[in-house]
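So that the names make sense, note that chain A is the first sequence line, chain B the second, and so on, each numbered from 1.
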Protein chains: 2
Amino acid sequence: MLNHAALDRAFQALADPTRRAIVERLSHGARSVSDLARPLAMSLPAVMQHLALLERSGLVTSAKVGRVRTCRIEPKALSQVEAWIHARRAEWERRLDRLGDYLSELQAGGGDVGADG
Amino acid sequence: MLNHAALDRAFQALADPTRRAIVERLSHGARSVSDLARPLAMSLPAVMQHLALLERSGLVTSAKVGRVRTCRIEPKALSQVEAWIHARRAEWERRLDRLGDYLSELQAGGGDVGADG
DNA sequence: GTGATACTGAAGCTGATGCTTAACCATGCA
DNA sequence: TGCATGGTTAAGCATCAGCTTCAGTATCAC
């Protein structure tokens, strides 16, 4: 399980459109730093800063061979972010279901709801 | 489908720990503004700014009855963020699978890989 | 060794973000 | 009518995020 701080970094990493573009790109295959930088309208150091953040967040790993650093996605971190969102949505929908059930019951009985506030 | 800008706002909204705490809280049921603010170590206006951002992002909706504004989760927006992450992870894993298949084939044949860079 | 390529480090600028305080408005209630 | 409650607005401030440029270092090809 991703701890609080790590989840924090992961969400923060994904908040930036450039970094999401990088993740999207990397989902199609590992890429070198300058390869990732080429289509982006910014300097190489700027891209490196994004990559550093992605790596600190655990979403991306990289390894250097010779002078080329190759970056790739870390699917585990990605799936843990996914899990967090899913859990919140699932909990909400579970509640709605229970409320639905309760309201159905009431139709055959009587009383007060207390709703969902 | 969530457009680019909306997805952007949603990810940005979730980047902040306070806002994620609010979403987490709301997943257990709708809440009023001051109710949400109570456990948070900040002023009410600060919480309102977070809520405004969450609402602009589409993750949260709210309605005012009398003087009380009640906030609730918008599961659709949440699931679209979830979908984005899932798609990236799925794509990466699909690639890994194909690469695995290819490598298996090679073991029964011969040639060059071209790997995943 | 020389030059090109690929990346790295550091400093600095600018606008956005997250907060604060100090008002203020609207509703509920005695 | 007057006071408490719940929310809202506006202004200001400190910090941070994202970018730039400039100046490196390491590797590779010749």
For a quick check of understanding: with a heavy-atom distance under 4.0 Å over all strands, which category does [X] fall into, base, sugar-phosphate or nothing?
X	result
B:R19	sugar-phosphate
B:S34	sugar-phosphate
B:M48	base

Is B:Q49 side chain donor-acceptor paired with the C:dT20 base, going by distance under 3.5 Å alone?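 Present.
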Could you check how far [atom1] of [X] sits from [atom2] of [N], rounded to whole Å?
X	N	atom1	atom2	result
B:L40	C:dT20	CG	P	11 Å
A:R67	C:dG3	CZ	P	16 Å
B:L54	C:dT17	CG	P	14 Å
B:Q12	C:dG18	CD	P	7 Å
B:L44	D:dG7	CG	P	7 Å
B:L14	C:dG18	CG	P	12 Å
B:R56	C:dG18	CZ	P	10 Å
B:D16	D:dT15	CG	C1'	14 Å

What pair of heavy atoms forms the shortest contact from B:L14 to A:W84, and how long is it?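 Distance-wise, the nearest heavy atoms are CD2-CZ3, 4.2 Å.
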Side chains of B:S62 and B:E55: any donor to acceptor distance under 3.5 Å?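 Distance-only check passes for B:E55 and B:S62.
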With no hydrogens and no angle check, just 3.5 Å: does a side-chain donor-acceptor pair link B:R89 and A:S79?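 The criterion, which ignores hydrogens and geometry beyond distance, is not satisfied for A:S79 and B:R89.
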Compare the minimum distances between each of D:dT20, C:dT20, C:dG18 and the side chain of B:H50, then state the nucleotide with the smallest one.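 Ranking D:dT20, C:dT20, C:dG18 by closest atom to the B:H50 side chain puts C:dG18 first.
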As a test of reading the structure: which of D:dC22, C:dC7, D:dG7 is closest to the side chain of B:S32, going by heavy atoms? D:dG7
Indicate whether OP1 or OP2 belonging to D:dC19 is found under 4.0 Å from a side-chain N or O atom of A:S43. no
Are OP1 or OP2 of D:dT8 and a side-chain N or O of B:R69 less than 4.0 angstrom apart?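 B:R69 to D:dT8 OP1/OP2: side-chain N or O found under 4.0 Å.
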Name the residue closer to the 5' end of DNA chain D, choosing between A:V65 and A:A41 according to the nucleotide with the nearest heavy atom. A:A41
Quick one: does A:S32's side chain have a donor or acceptor within less than 3.5 Å of a partner on A:D35's backbone? yes
Roughly how far, to the nearest 0.5 Å, is the CZ atom of B:R38 from the CZ atom of B:R25? 8.0 Å
